[in-house]
Protein chains: 2
Amino acid sequence: MRKGEETRNRILDVAEAAVLQKGFGGTSIEELIAETGITKSGFFYHFKDKNELAKALLNRYIENDERIYDEIFSRARDLMDDPLQSFLLGLKLLSELLSDLPNGHPGCLVATVCYYERLFDHEIQDTNRNAVLAWRRRFGRMFREIMAVYSPREPVDVDQLADMVSSVLEGGIVLSKTLKEPNTLAEQVLMLRIFVKMLFLPAIESPLVAVRHDQIYGAAGGGGRL
Amino acid sequence: MRKGEETRNRILDVAEAAVLQKGFGGTSIEELIAETGITKSGFFYHFKDKNELAKALLNRYIENDERIYDEIFSRARDLMDDPLQSFLLGLKLLSELLSDLPNGHPGCLVATVCYYERLFDHEIQDTNRNAVLAWRRRFGRMFREIMAVYSPREPVDVDQLADMVSSVLEGGIVLSKTLKEPNTLAEQVLMLRIFVKMLFLPAIESPLVAVRHDQIYGAAGGGGRL
DNA sequence: CTGAAAACTGTACCGCGAGTACAGGAGGGG
DNA sequence: CCCCTCCTGTACTCGCGGTACAGTTTTCAG
């Protein structure tokens, strides 16, 4: 009962790391059992086939993912009353969390499944779809709260704006992994922060930012060639 | 000589579609030769192994990708003198091109390789890395031209800004594929356009945009809920 | 302490797909 | 005519996914 859960989780740990590096097709069961220190029969006792492993892997990943976002943005909500400031802080916290990952972000299972879809059954594809829709709902809810207080400088659709968060995260992960630059992802999150800030806040910058602006572009900000 | 190239390309066509749907590991050579109408020996005459196929596939994809960006943004450059307006037009053209794809974007091979990296040799990983760096250089060049004329409302690093384009594209593809919503990618490109527009253009909108704004949101655009 | 269920191990096997090794054949160009 | 490109055919190896099933150890409830 308890022991079984533990072994199962150990398999999932090993499998997740392998799958994010090599894809599902590139990850062999034999390799998983070797690293877990289990036999083949032991493996198939826990998962009847690879599809079931993928299912468990994806569900666990999504749950964990949701938990992290819950923590970050509820923490940001505790520190800031204003929905916009709280969201901007949340993005900053997220960016910090991402840049603290020692080897960079390992990759997103949702993207892995997305590029492997035809080999899985509909259940997995639906799970994956629902995960993305959950992100849309989560960030959409936050943007709606912001829009109850602030009006956007440009006309935007809330769902598309919410999707922008997911896009930048997924895309940032691909860039970061491909370039082998762990920081790129965190930087992209901060760029997204600038986007949200510009969209809802008037042009007058906060003193701190104004100073950095001058340092980089010169006082008047005119014609910086580089 | 000529015949060989043709067969080779036919294999690559079939392989590209398959790999984008199922990943490299999920695509069998037997399936490729069946669809191409060639024998196994014939296949291995053209590609000595799967790794070589991947290499050819990726190189062809990247070349094609570059060609498309060249066309779109040089066309936009012909129509608009101003670097910012030209870039904004380019994003619009890109968005239109993407929403015209009948079955949505088939997926990006760079992302596929990124999530499959460990199984390929260093050459492929380097090719992939260079492709992303080429995007950075391409869009970076464009943003530098823009910054020679306009100063950004917020301090931004040019490379990070250029990466934002790649992020939104890669992320948008993942979202579009996962959600099975072909339009999402095109919408995300337009969101990126809004970002660039806000970053470089003063809050006062151009007459043309103001008209469309009015049509959608009403004259003052105040307190827009949703 | 016991007994049954849970959590495995061990062995043996099937079929598929990647990849190898060659031998040979069609067709076109110099 | 011959050689080179572009294949086909056959036959094999090997790793891996998956099955089958019998037996063994561990755990925990009563």
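Each chain gets a letter, A, B and so on, in the order the sequences are listed, and its residues count up from 1. On a predicted model such as this, the values are computed, not experimentally measured, just so you know.
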Starting at [atom1] of [X] and ending at [atom2] of [N], how long is that distance when rounded to a whole Å?
| X | N | atom1 | atom2 | result |
| --- | --- | --- | --- | --- |
| Arg10(B) | dC6(D) | CZ | P | 13 Å |
| Lys50(B) | dT20(C) | NZ | C1' | 17 Å |
| Ile33(B) | dT8(D) | CD1 | P | 9 Å |
| His46(B) | dC6(D) | NE2 | P | 7 Å |
| Tyr45(A) | dT19(D) | OH | P | 17 Å |
| Glu5(A) | dT27(D) | CD | P | 15 Å |
| Phe43(A) | dT19(D) | CZ | P | 11 Å |
| Phe44(B) | dT13(D) | CZ | C1' | 13 Å |

Assert yes or no for the condition that the ring centre distance of Tyr115(B) to Tyr116(A) is strictly below 6.0 Å.
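Ring centroids of Tyr115(B) and Tyr116(A) are no less than 6.0 Å from each other.
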Can you find an N or O donor on one side and an acceptor on the other, under 3.5 Å apart, linking the side chain of Lys40(A) with the base of dG17(D)?
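Donor-acceptor pair under 3.5 Å: yes.
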Assess, by modelled atom type and distance only, whether the side chains of Asp163(A) and Trp135(A) contain a donor and an acceptor separated by less than 3.5 Å.
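No, no side-chain donor-acceptor contact under 3.5 Å.
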Residues Glu96(A), Lys92(A): salt bridge by 4.0 Å N-O rule
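Salt bridge: no.
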NA contact type, Ser41(B), heavy-atom cut-off 4.0 Å: base, sugar-phosphate, or nothing?
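The answer is base, as Ser41(B) lies within the cut-off (heavy atoms under 4.0 Å) of a base atom.
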Side chain of Ser28(B): nearest nucleotide among dC7(D), dC16(D), dA18(C)?
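Closest nucleotide among those given: dA18(C).
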From the list dC7(D), dG17(D), dG17(C), which nucleotide is the closest neighbour of the side chain of Ile29(A)?
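The nucleotide sitting nearest to the side chain is dG17(D).
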Donor-acceptor pair, side chain of Asn128(B) and main chain of Ala131(B), under 3.5 angstrom
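A pair under 3.5 Å: no.
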Can you tell me if the side-chain N/O atoms of Thr7(A) get under 4.0 Å from OP1 or OP2 in dC8(C)?
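Yes, Thr7(A) has a side-chain N/O under 4.0 Å of OP1/OP2 on dC8(C).
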